[in-house]
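First up is the structure itself, then whatever we jot down about it.
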Amino acid sequence: KTHNIYVPVSRTFQDIKINDLLTIPDNMPDIKEILKIDAWVKPGDIREMNEKAMVQGEIRLNTLYSSAENGSPISVFHCIPFTEIVEAPGADDDSVVAVSFDIKNIDVGIKGDLNGNTKIISMESTVAACVKVSKTVQENLIDDCYSINDKEKTTKKTMKISEFVTSENARITSRITPETPKNMSVKEIISCTAT
């Protein structure tokens, strides 16, 4: 019988450097100090080429800073799109390229504009891309076998599976109610990130 077999072809890792200047909206106060940053990557489109792939993504950056006016905490959100050509050994028109991203490191700083206002965030980041190439091939496998002349003999071979690969997506829902210490009250949730 003819069966479709999923075959992993290659897996490579590549660092992508992304630097940008991010502007705080005019209606928000200037930056006194950056308190915390949360960054993650939203994957985009992938276009397969011969031995390479063009990948798109978007860095989502949530920055918590203190206001230069009164020191109150302010949260600002930025999206930084990027497009990169990455190595994808074995990629061709019949293969499937999947890419996962991870923020390897990120540095942010405060810059002043021409008017002396501190409304610019300088960002330097390294995104680690894991590029997996696979393809599905059709193979003819023996489904049933018999002989009328000889006694049939069954043999078996034990094999070790080093990696189980599946294209299924698992969804897990978790509901937790976090509690703050008894001597603390929450006025407002400014930033919440799950990774």
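These numbers come from the heavy atoms of this one structure, side chains and all, not from hydrogens, waters or symmetry mates.
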Next on the checklist: On a heavy-atom basis, which atom in D30 and which in Y65 lie closest, and how many Å separate them?
Outcome noted: O-CE1, 3.5 Å
Checklist entry - So, the side chain of E51 versus the backbone of G90: is there a donor-acceptor pair under 3.5 Å, distance only? => result yes
Checklist entry - Side chains of N140 and T2: is there a donor and an acceptor less than 3.5 Å apart? => result yes
Checklist entry - Minimum heavy-atom separation for A53 to I46, with atom names? => result CB-CG2, 4.3 Å
Checklist entry - Which is it for I110 and I120 under the side chain to side chain contact (heavy atoms under 4.5 Å, CB included) test, yes or no, and what are the steps along the way? => result CA-CA 6 Å; I110 307 168; I120 298 175; over 6 Å; no
Checklist entry - Side-chain contact, heavy-atom cut-off 4.5 Å: T12 with P89? => result yes
Checklist entry - Taking E84 for the side chain and I16 for the main chain, is one N or O donor matched with an acceptor at less than 3.5 Å? => result no
Item to check | M123 vs L61, side chain to side chain contact (heavy atoms under 4.5 Å, CB included): CA-CA, chis, key distance, verdict | outcome: CA-CA 10 Å; M123 182 207 70; L61 187 70; 4.3 Å; yes
Next on the checklist: To the nearest 0.5 Å, what is the distance between OG on S66 and CD on E33?
Outcome noted: 5.0 Å
Item to check | Sub-4.5 Å side-chain heavy-atom contact between M54 and M49 | outcome: yes
Checklist entry - Tell me, do T83 and V55 make a side-chain contact under 4.5 Å, heavy atoms counted? => result no
Checklist entry - Relative to each other, are the rings of F77 and W40 parallel, tilted or perpendicular (30° and 60° limits)? => result tilted
Checklist entry - Are any of the side-chain heavy atoms of V7 and T136 separated by less than 4.5 Å? => result no
Next on the checklist: Does this structure show an ion pair linking D102 with K104, if we count only N-O contacts that are shorter than 4.0 Å?
Outcome noted: no
Item to check | Heavy-atom pair of closest approach, residues K119 and P25 | outcome: NZ-O, 3.5 Å
Item to check | Neighbour count >12 (heavy atoms, 6.0 Å) for atom CG, D93 | outcome: no
Checklist outcome for this item: In this structure, OG of S100 is separated from CZ of R11 (nearest 0.5 Å) by 9.0 Å
Next on the checklist: For K17, give me all partners under side chain to side chain donor-acceptor pair (under 3.5 Å), at least two apart in sequence or on another chain.
Outcome noted: T126
Checklist entry - If we only count heavy atoms from C-beta on, is the I59 to V127 side-chain gap below 4.5 Å? => result yes
Checklist outcome for this item: In this structure, CD1 of I37 is separated from OG of S125 (nearest 0.5 Å) by 9.5 Å
Next on the checklist: Any carboxylate oxygen within less than 4.0 angstrom of a Lys/Arg side-chain nitrogen, looking at D92 and K135?
Outcome noted: yes
Item to check | Cluster overlap I18 with I106, hydrophobic side-chain contacts below 4.5 Å | outcome: yes
Checklist entry - If two hydrophobic side chains count as joined below 4.5 Å and joins carry through other members, does I24 share a cluster with L22? => result yes
Next on the checklist: For the backbone of S72 and the side chain of N70, can you confirm whether one donor and one acceptor N or O come within less than 3.5 Å of each other?
Outcome noted: yes
Checklist entry - side chain to side chain contact (heavy atoms under 4.5 Å, CB included) between R60 and K42: does it pass, once the steps are laid out? => result CA-CA 7 Å; R60 302 287 180 95; K42 180 185 177 187; 3.1 Å; yes
Checklist entry - Less than 4.5 Å apart, any side-chain heavy atom of F13 and any of E87? => result no
Item to check | Intermediate values then yes/no, side chain to side chain contact (heavy atoms under 4.5 Å, CB included), V131 and V97 | outcome: CA-CA 7 Å; V131 184; V97 178; 3.8 Å; yes
Checklist outcome for this item: When rounded to the nearest 0.5 Å, the distance separating CG of D45 from CD of Q56 is 5.0 Å
Checklist entry - Hey, mind stepping through K36 and D38 against salt bridge (charged side-chain N to carboxylate O under 4.0 Å, His left out) and telling me if it holds? => result CA-CA 7 Å; K36 184 176 183 289; D38 295 317; 2.6 Å; yes
Item to check | Nearest heavy atoms of P73 and L35, plus distance in Å | outcome: CB-CD1, 4.5 Å
Checklist entry - Is H78 reaching over with its side chain to a backbone N or O of I121, donor-acceptor style, under 3.5 angstrom? => result no
Next on the checklist: Would you say I80 ends up clustered with I85 if hydrophobic residues are merged whenever their side chains have heavy atoms under 4.5 Å apart, either directly or through other cluster members?
Outcome noted: no
Checklist entry - Less than 4.5 Å apart, any side-chain heavy atom of L64 and any of I74? => result no
Checklist entry - Can you name the nearest heavy-atom pair linking S67 to P29, along with the distance? => result OG-CB, 3.4 Å
Item to check | side chain to side chain donor-acceptor pair (under 3.5 Å) assessment of S75 paired with N62 | outcome: CA-CA 7 Å; S75 179; N62 198 17; 3.0 Å; yes
Next on the checklist: Are the side chains of V96 and V133 in contact, using a 4.5 Å heavy-atom criterion?
Outcome noted: no
